[in-house]
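What follows is a short report on a single structure.
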Amino acid sequence: MKFSIERGTLLKAVGQAQSVVERRNTIPILANVLIEADANSVSFRATDLDIEVVDKTVAQVERPGATTVSAVTLHEIVRKLPDGALVDLTDDGISGRLTVQAGRSNFSLATLPKEDFPVMASSEYTANFSAPAPVLRRLFDKSKFAISTEETRYYLNGVYMHVATGEDGQVLRCVATDGHRLARIDAPLPEGADTMPGVIVPRKTVNELRKLLDDDEVQIAVSVSETKVRFATPEITLTSKVIDGTFPDYSRVIPTGNTRQLEVDAAEFAKAVDRVATVSSERSRAVKLALDEDRLVLSVNAPDAGAAEEELAVAYGDERLEIGFNAKYLLEIASQVDRENAVFLFNSSGDPTLMREGNDTSAVYVVMPMRV
Amino acid sequence: MPALCRDCEAIIAPARRCPHCGSPRVLQHDELFDLSIAHMDCDAFFASVEKRDNPDLRDKPVIIGGGKRGVVSTACYIARIKGVRSAMPMFQALKLCPEAVVIKPRGDHYAAVSREIRAFMDDLSPSIEPLSLDEAFIDMTGTERLHGAPPAVMLVKLINRMERELRLSGSIGLSHNKFLAKIASDLDKPRGFAVIGRGETDDFLREKPVRMIWGVGQAAQASLDKAGIRTFQDLRRWERNELIQRFGKFGDRLYHLARGIDHRPVSNRTPVKGISNETTFFEDTADRELLEGHIWRLAEKVSDRAKAKDRAGRVVTLKLKLSNHRILTRRQSLDDPTQMADRIFRTAKTLFDGVDQGPFRLIGVGLSELYPAGDADRSHDLLDPDAPRRNAAERATDALREKFGKDAIVKGRSLR
């Protein structure tokens, strides 16, 4: 195998590969990236047995072939090469070494046979559809903060992507929750998605997927089966197992009868929460919201460290209410709002609170209060 | 040289026998009346309590410990003559001393007796640091004017009062810091009173093995051996920086202890790091239902103790010991500290569900990363809307048990 490739293109492909590869590996081959060169393209494939990413890119191939080499080492090398360099990768098939050559730099890396590289079994996808990158970006960006890290509740360690019935008919919906907050984001249902089974997309996959979604113009081909999900751009294909579990019935935890409405500038609100929370160094910092006629007083009282208070002008017309929240959760939820005011709907100080952006019900957040 | 009769409690001139009562139990030491940090250690406490409560046992070897499977918790001095030691497996102890009377420990009873002793100590000083039910540090600094007698006299009186009123004996170590006081209480057991003065500290420690240091177990011993450190003399040859580099924070402590320096104050507020309970089974078991019953009872015990101490924990730990003595531990951090038995149980049970090995000989449940109770259970789980009701039920149950006794109301699963 022998080919030449531009450093920037190579860096992007190997970067994607090395982030999928697990840092601590007991199986040596899993630390490697499989490089396959054919007539005029080269593909880079990496896997952790749950996720597989393949990046296919154009290169000047002199001699087709395939080999595997440490993804992290190759990435480090390419990263340190000068911008714009042309990189030659050569594997003579005999020495068990891959030479990487750029300008006057020469590297020789140990390889493992390509036959040992595990290739993920393909799946019978029951739904195939296409969605614009910005749509998927919104669905996952706005929900992923609520993914649980609690390993015992493994079925919450991902985003539940499924077809649901929204106010105006069927939608593609992403839900994530960790039991303290919940995010429910809807998008118009793409054509061909209606047959899709609901799947829990693991956190790592969500993070890897994000790298495919930066370009606004790209259409993402999505394929879903009961056990796997695949996202593909023309160059990159990301295939992942989904979490084998049942996502809890989230609909019953989204309050429908909350009537006490607060409307506030989300950015101002987030800044105020952040400021008052500074005095407390506790892990779960509680912020108290005291609401009165068009007035919101945020306060934190940490007996050992100090106290803080800040007042905000808001739109609120209901009875007086005092309610406490974990500062971090409030901040994360408020920072999801990017266009309009944040609208909070409260019931009592012990009941879940709902938050949305203006009157937009396509992104709904629920947060559990805490006793203050 | 100051001297003191341990029987009639009189300060006397140095003599082999007390001029007042004729007792040979005379304490004399240059610094006897200058030292004020003491360690009191009861003699074979659990066994002594049992012997006191049942005079038939007085002349028999008595071993306190759990069943035929457990280990020796305490052996009376008669059993110790035969070679029985604490922490020895029971079968081995019974091989050494087949005629021993084995008694299952009565924890609650010992705790009650311990409280009586504690009350005596409270009369001596406000600064008591219990290490367990049967031993404590007492800082007597600055109490001489209050009592009208030096600490040594008051400590002799304490031991005599324990013997007179509780019919239990203990040993005292008196020195100028906790490290040496603890070592001293062991020098003259039982019914001992040993003094390590400032002047003799260096000589006393020189040839002693470093494993004497409280907290030096097998692992620490091994790494000390590797460094060629066996005695305090070896230790003193090391520079402070070298020790810190090699052993970290512990190295700094070693450096000071080697010179008999220990600045730790006697503190009755030693922070509790964790609360845990465990059970060893009579026979190994893999019965999930039975084990779940144990998890509930342990969770309830841990929760009771947390509630009594006004503490809540953020980490729940499940400990399991397999038949081959291998220990498995599983831990789960909660987002919010808890003191509720229900939450501890549910968390521990989820951890247990993830374990597919067995059978087990021991199961334990623990709560750590402790916070004040006020920080506990401040928010609920969105996905578990019934939790507030269960918590309310638990609080109500606690109130009933408080009023009518522990068994007034129990959960069905605690009977499994």
Side-chain angles (χ1 to χ4, degrees), chain A residues 146 148-156 160 175-184 245-255 280-288 301-304 323-330 347-354 364-372, chain B residues 269 271 292 295 299 310-318 320 328-340 342-356 365 368-392 395:
Chain A
S148 169
T149 50
E150 208 179 300
E151 277 169 34
T152 46
R153 293 206 278 186
Y154 58 91
Y155 47 84
L156 299 181
Y160 181 45
V175 178
T177 181
D178 64 357
H180 299 279
R181 53 263 168 82
L182 177 145
R184 189 195 77 188
T246 308
F247 201 79
D249 176 13
Y250 61 86
S251 61
R252 60 193 184 108
V253 305
I254 297 177
S280 166
S281 56
E282 284 170 56
R283 200 184 111 83
S284 52
R285 298 188 274 194
V287 176
K288 184 163 87 178
N301 192 356
D304 297 334
I323 186 166
F325 292 100
N326 182 322
K328 179 169 160 261
Y329 299 163
L330 268 192
N347 187 26
S348 81
S349 64
D351 294 316
T353 293
L354 194 118
V364 168
Y365 306 90
V366 182
V367 59
M368 204 67 191
M370 78 192 277
R371 181 163 45 78
V372 281
Chain B
R269 284 176 208 270
E292 246 169 55
I295 295 175
D310 270 332
R311 307 296 280 172
R314 216 174 61 77
V315 175
V316 174
T317 314
L318 177 75
L320 293 158
L328 304 175
T329 50
R330 298 284 181 270
R331 47 183 280 145
Q332 174 68 52
S333 298
L334 308 170
D335 292 278
D336 198 21
T338 191
Q339 53 171 206
M340 302 308 281
D342 179 70
R343 187 123 176 251
I344 300 169
F345 168 73
R346 278 165 194 266
T347 311
K349 188 185 166 304
T350 318
L351 290 171
F352 182 59
D353 289 342
V355 174
D356 52 9
V365 173
S368 53
E369 258 192 51
L370 300 185
Y371 290 79
D375 291 350
D377 304 292
R378 290 168 74 180
S379 70
H380 298 303
D381 188 343
L382 269 171
L383 302 171
D384 186 8
D386 292 337
R389 291 186 56 215
R390 291 198 308 270
N391 283 357
R395 295 284 182 205

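These figures come from a predicted structure and were not determined experimentally. In what follows, chains carry the letters A, B, and so on, assigned in the order in which the sequence lines appear, proteins first and then strands, with residues in each chain numbered from 1.
- Within the 4.5 angstrom heavy-atom criterion, only side-chain atoms of A/Tyr329, from C-beta onward, approach chain B.
- To the nearest 0.5 angstrom, A/Glu150 atom CD is 8.0 Å from B/Asp381 atom CG.
- For A/Leu182, the parts lying near chain B are the backbone and the side chain together; criterion is any non-hydrogen pair under 4.5 Å.
- A/His180 and B/His380 make their closest contact through ND1-O, 4.4 Å (heavy atoms, listed as atom of the first residue, atom of the second, distance).
- Residues B/Asp335 and A/Asn326 fail the side-chain proximity criterion, which asks for heavy atoms closer than 4.5 Å.
- Proximity to chain A (any heavy atom under 4.5 Å) is shown, for B/Ala387, by neither the backbone nor the side chain.
- Evaluation of the salt bridge (Lys or Arg N to Asp or Glu O under 4.0 Å) rule for A/Arg181 yields A/Asp178, A/Glu332 as partners, not counting sequence neighbours.
- Atom CG of B/Leu383 and atom CZ of A/Arg252 lie 7.5 Å apart (nearest 0.5 Å).
- The CZ atom of B/Arg331 sits 13.0 Å away from the OG1 atom of A/Thr152 when rounded to the nearest 0.5 Å.
- Most heavy-atom pairs under 4.5 Å with chain B, from the set A/Val253, A/Val367, A/Thr149, A/Asp249: that is A/Val253.
- For the pair A/Val372 and B/Arg378, the minimum side-chain heavy-atom distance is below 4.5 Å.
- Among residues two or more places apart in sequence or in another chain, the ring pair (Phe, Tyr, Trp, His ring centres under 6.0 Å) test is passed with A/Tyr160 by A/His162, A/Phe247.
- Of all heavy-atom pairs spanning B/Ser379 and A/Met370, the tightest one is CB-CB, 3.7 Å.
- With a threshold of 4.5 angstrom between heavy atoms, A/Pro369 approaches chain B through N, CA, C or O but not through any side-chain atom.
- Using a 4.5 Å cut-off between heavy atoms, A/Thr177 contacts chain B through its side chain alone, with no backbone atom that close.
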